[in-house]
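Below: one structure, written as C-alpha cells.
Letters A, B, ... mirror the listed sequences (proteins, then strands); counts begin at 1.
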Amino acid sequence: MKKILVSTASLLAISALPALPALAQEAAAPSRDGGYGLGREALPEEVAAWDIDIRPDGAGLPVGSGNVWDGEGLFIDYCSACHGDFGEAVGRWPVLAGGFGTMESEDPVKTVGSYWPYLSTVWDYVHRAMPYGSAQSLTDDEVYALTAYLMYVNDLVDDDFELSNENFLEVPLPNEDAFFMDDRAETEYALFSAEPCMSDCAESIEVTSTASVLNVTPEGEGGATEATAEVEVEEEATVVEEAAPEDTGPDPELVAMGEGLFRQCSSCHQIGDGATNRTGPALVNIYGHPAGMQDGFRYSPAFTEAVEGGLEWTDETLAQFLANPRDFIPGNRMGFRGLRDDEEIAAMIAYIRAEGGE
Amino acid sequence: MSDNKPSATRRQFLGGAALAAGAAATGKLVHAQAADPLITELQPWQQFLGPGVDAAPYGMPSPFESHVVRRNVPWLTADSVSSVNFTPLHEMEGIITPNGLAFERHHGGVAEIDPADHRLMINGLVDTQMVFTMQDLMRFPRENRTYFLECAANSGMEWRGAQLNGCQFTHGMIHNVVYTGVPLRLLLEEAGVQTNGTWLLAEGADASAMTRSIPMEKCLDDCLVATHMNGERLRPEQGYPLRLVVPGWEGNMWVKWLRRLEVGDQPWHHREETSKYTDLLANGDARRFTWVMDAKSVITNPSPQAPILHGPGPTVLTGVAWSGRGTIPRVDVTLDGGMNWHQARMSGPSFDKSMHRFYFEFDWDGSELLLQSRAHDSTGYVQPTKDQLREIRGENSIYHNNGIQTWLVRENGESENVEVG
C-alpha cells in the first residue's frame, strides 16, 4: 500500500515555525496519515456501472460484436440526422468519414479515418455520449456495429466485416503515427524568451488584415452606435412580456413538463416564434395543422408521402408519432426512439401546442 | 448605461463632454454655457423612495448594465447545447470574473444535479475504490485559490487573420475566479494510489460524460476538486455541484459535474484529447497533450466593442494578461503597431496562474492608433506575435493561439480587429 503523504512529524515541524504571514496564507491543506476516514468503499457493481472507459489497448471493451450491415441501419436511425447517411455530416455537425490526404491542406477535414489515432476512441465516445440527446442508450453490440460501419465508410474494412472484442485491435487507424507529445518547451520557449525590442522596432508598419472585411461578428456588437438599437429591443421584450395572454389552452403543468422533455428534441428542433429549420424542421403551427408545412425543409420521401396522404397533427397522430416515430412513418428521418410514457406524450403535445402555436 | 454606451440623455450631453475633453488637452477648464439640469432640477431618485431590502433577495446588476452579458457566435457551432459563449471582457475591471459573466462551454447542455444525488467515485489502481457524497467532501480540508480558466480554442478563430470584431469574441473564452475546493491530492491519498498509477481519468456526470486523461504528477501538485466559486456554490453552468480545477491548463480538462476519477497506468486517448484538443501542424502531424496555456494578453479598452467616445485628451487604456506557467510581472503596450513600446502599469493582486490587470494612461492626440499588448510571464517567456506562431505551427492548429492582438483605433474613436505586418 503506497500513500503519498506528508508525515505527521514534518507537519508538526511546519506548524512550529515562527509565523510567516505570506507562507501561512499559502500553506497547503494538510494530509493525514492513513487518510481522513471519509467516504466509503465502492461496491463492485457500482464501479461496473460507471467504469465505462475504453483504452487504445482494448482495456475496458465488453464482450460483444456487430457488423457493418447492422451498423448501417443503426446509423441511419440514430446518427444520420446530424452526421449524414455516410458520415458526411449535415450543416456544422461533425464529419465522420473521408477527408483523407487533407491534413496538410488549407481545409483539413478531420474524421475518424483521416485524423483520429485510435479506434477505441470511437467505441468509447459513441457508447458514452451518443446518440446526441440520448446518451448511453445503445447496447454494446449496437456500439460494435456502429463502430464497424464507421470503419466501413472510412474504407478501412469491407461490407461483410464484423467487429468484436476479439478482433478489435487488428485494424489500426491510419493516422496514429502523426501524433506526438507537446514539444513547445523545446521548440518555442527559448525562441519566445528573448528580451524584446522596445523602440524603433520596425521601418514601417501596415495593416495586413481587417475583421470588417469578413463581417462575421454577431450583429449588435458594434459598440456605441448599436446602443440605441439595443435599448429598443429591450423595451420591445418588456412589452411582449406584459402583454402575454393568459394560457387558456393546454394545462400549464403539462406544458412545463413538456418543456423539460423538449430538451431531448432541441438539438434538432427549434420551436415557436422565430424558429428556423435546423436538423429537423421548425416547429411552428404544428398542432391542428397539416403535417410537413415548413417552407424550405427537406422532408424525407417517406414523410412527404404521409403528408400527401393527408396527415394532420392532432392529439391522436402526434401521440402515435411521438410514441414511435419509426413505426408511425416508416423510413422517416427523425432520429428519435420515441416517448414511452403516456403522460410524457401528453406533456409534449401540450408543450408543442403552447409554444409552437396552434 | 455604461460610460461607453451613451443613452439619449448622455448623447445630448456629449457636446459638452467633447468641449471638456478639448479643454483637457489644452490644460484649461471650460466654462459651461448653460446650467446642467441634472444638477439644477430635482430628479426622481432624489425625491421618491426606492425598493426596500426585500426587493432583491439575490441581487442583480443595475438595469443600466443589462447589455453586459455573455454572447454566443451562432455560426461557430451546429447547436447551442454543445457550444460556447463569451465573457464580456470589455465591460469588466479588476481581475475577478463575476459568476454570471463567466463564459460557458458545454458538450451536452447544463446538467441539473441535486447535490444530495451527486457522488464522486475513485476507482482503478488504488488500494480502496471509493465513493464520496458531497457531505463527505465538505469534511476534507479545503483551500482558496484564484485561477484563470481559458479554453484552448480561445482566439482559435483568429489563426488565419483578423476575424471577429471585439475582445469578447476574440479572447472571451476565459474567466478568472476564486475557487474553494479540496486538493485532489487528499482524495487520492484517501483511496491510496498504487505505484503504477501514473495517470488519472476525470469524468463528468453530464450527457456528454466528458473525459480527460491527466498525468498523476499534476493531480498531486495543484489540482482542486472545487465546490465554490467567488464565495458561492459553483453555478450550474460551471459544473455544480463539483468541478475539477487544473490550474494553468486548458479549460477542457477542468471536468464539470465531476463524478469519477479513475487511476490508470497510461492515458486513455479519449475524444477530447485526440479528435479535439490536438494541434494540427502545417506538415500534417499533430501535437497532443498540449495542456499548458502559454502567456497571453489583450487590451480590453479601447477595443471594437468599447470605442473611445470622449475625443482627444487623457485616455485610459486597460487590459488583462495571464500565464499558465506563473505570474505576469510585466506587460508592454504599443500605440503604433509595435514600432515603440511602453511598460504598462500592473494593478491588483498578482497570483500564480491568475489573470492580471494592466493600465496605460496617455494623452490621445486624436490620430489613428494601432494598439497591442505583450505579456511577459515569470519564466521570462514573452508573448509572441501571431506570425511567430504561424511560422512554427501553420494555420490549422485551432488551439493555443496566444499571439499578440492588434486593434486599429480610428480618428473618430471607433476600433477594429486588424493584423499588422
Side-chain angles (χ1 to χ4, degrees), chain A residues 1-5 29-31 35-36 38-42 47 50-51 53 55-56 91-93 103-104 108 116-118 121 124-125 128-129 135 178-182 187-189 192-193 196 198-199 201-202 205-212 214 216-218 221 223-224 227 230 234 267, chain B residues 4-5 67 73 78-79 81 121 123 127-132 136 139-141 143 161-166 183 189-190 192 195 201 207-209 220 260 268-271 274-275 280 284-290 305 307 309 337-341 380-382 384 396 416-421:
Chain A
M1 174 165 175
K2 186 204 170 211
K3 297 214 174 190
I4 300 132
L5 292 174
S31 300
Y36 282 85
L38 296 168
R40 63 168 175 84
E41 193 164 345
V47 174
W50 276 9
D51 184 6
D53 47 84
R55 277 194 330 203
R92 291 190 68 84
W93 295 101
M103 289 308 112
E104 295 170 56
W116 293 34
Y118 303 110
T121 312
D124 177 88
Y125 185 70
R128 74 170 54 246
F179 290 83
F180 66 98
M181 186 67 194
D182 182 8
T187 55
E188 297 184 5
Y189 286 172
F192 298 158
S193 296
M198 290 298 282
S199 55
C201 300
I205 287 169
E206 284 169 18
V207 172
T208 56
S209 149
T210 67
S212 62
L214 294 169
V216 290
T217 307
E221 313 311 327
E230 260 179 59
E234 279 159 28
S267 58
Chain B
N4 54 21
K5 300 257 179 176
H67 57 285
V73 178
D79 170 31
V81 171
M121 178 185 287
N123 70 306
D127 296 328
T128 311
Q129 306 197 103
M130 301 203 69
V131 173
F132 301 99
D136 295 332
R139 296 173 67 191
F140 282 93
E143 295 178 353
Q163 178 155 269
L164 289 164
N165 253 330
E189 285 170 1
E190 201 72 15
T195 41
L201 184 77
S208 75
L220 298 175
R260 192 167 68 95
W268 280 260
H269 295 285
H270 278 181
R271 190 230 192 202
T274 55
S275 167
L280 179 60
D285 287 347
R287 286 174 176 161
R288 70 166 137 233
F289 298 142
T290 45
Q305 295 163 290
L309 296 173
M339 189 80 82
N340 299 291
W341 294 82
Y381 178 98
V382 183
N396 288 337
E416 187 182 354
N417 179 8
V418 301
E419 287 193 14
V420 293

Query raised in the report: Side-chain donor-acceptor pair under 3.5 Å between B:Glu416 and A:Ser212, yes or no?
Result: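 Yes, because at least one side-chain N or O of B:Glu416 sits under 3.5 Å from a partner of the opposite role on A:Ser212.
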Requested in this report: Would you check if there is a donor-acceptor pair between the side chains of B:Glu189 and A:Ser31 at a distance under 3.5 Å?
Outcome: yes
**Report entry** chain A interface, residue from B:Val382, B:Val131, B:Val418, B:Asn340 that has the most non-hydrogen pairs under 4.5 Å
**Finding:**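 Of the candidates given, the most pairs with chain A belong to B:Val131.
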Closest heavy-atom contact between [X] and [Y]?
X	Y	result
A:Thr217	B:Asn165	OG1-N, 2.7 Å
B:Gly284	A:Ala178	O-CB, 3.9 Å
B:Tyr381	A:Ser193	CA-OG, 3.6 Å
A:Gly39	B:Phe132	CA-CD2, 3.6 Å
A:Pro218	B:Leu164	CD-CD2, 4.4 Å

Requested in this report: Using non-hydrogen atoms and a 4.5 Å limit, figure out which bit of B:Leu201 sits close to chain A: side chain, backbone, both or neither.
Outcome: side chain
Interatomic spacing from [atom1] in [X] to [atom2] in [Y] - rounded to 0.5 Å:
X	Y	atom1	atom2	value
A:Ser209	B:Asn417	OG	CG	7.0 Å
B:Asp136	A:Leu38	CG	CG	6.0 Å
A:Thr121	B:His270	OG1	NE2	6.5 Å
B:Ser275	A:Tyr118	OG	OH	14.0 Å
B:Thr290	A:Asp182	OG1	CG	5.5 Å
B:Met339	A:Ile205	CE	CD1	4.5 Å

Student check: side-chain heavy atoms of [X] and [Y] closer than 4.5 Å:
X	Y	value
A:Phe179	B:Asp285	no
B:Trp341	A:Cys201	yes
A:Phe180	B:Arg288	no
A:Val47	B:Met121	yes
B:Arg271	A:Arg128	no
B:Leu280	A:Met103	yes

Query - Side chain B:Gln129, main chain A:Ala42, donor-acceptor under 3.5 Å - result: no
Requested in this report: Examine distances only and state if a side-chain atom of A:Thr208 and a backbone atom of B:Glu419 form a donor-acceptor pair shorter than 3.5 Å.
Outcome: yes
**Report entry** Structural part of A:Trp116 lying under 4.5 Å from a heavy atom of chain B
**Finding:** side chain
Query raised in the report: Ion pair present between A:Asp53 and B:Arg260, side-chain N to carboxylate O less than 4.0 angstrom?
Result: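 Counted as a salt bridge, because a side-chain N and a carboxylate O are separated by less than 4.0 Å.
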Query - Basic-acidic side-chain contact under 4.0 Å: B:Glu190, A:Arg40 - result: no
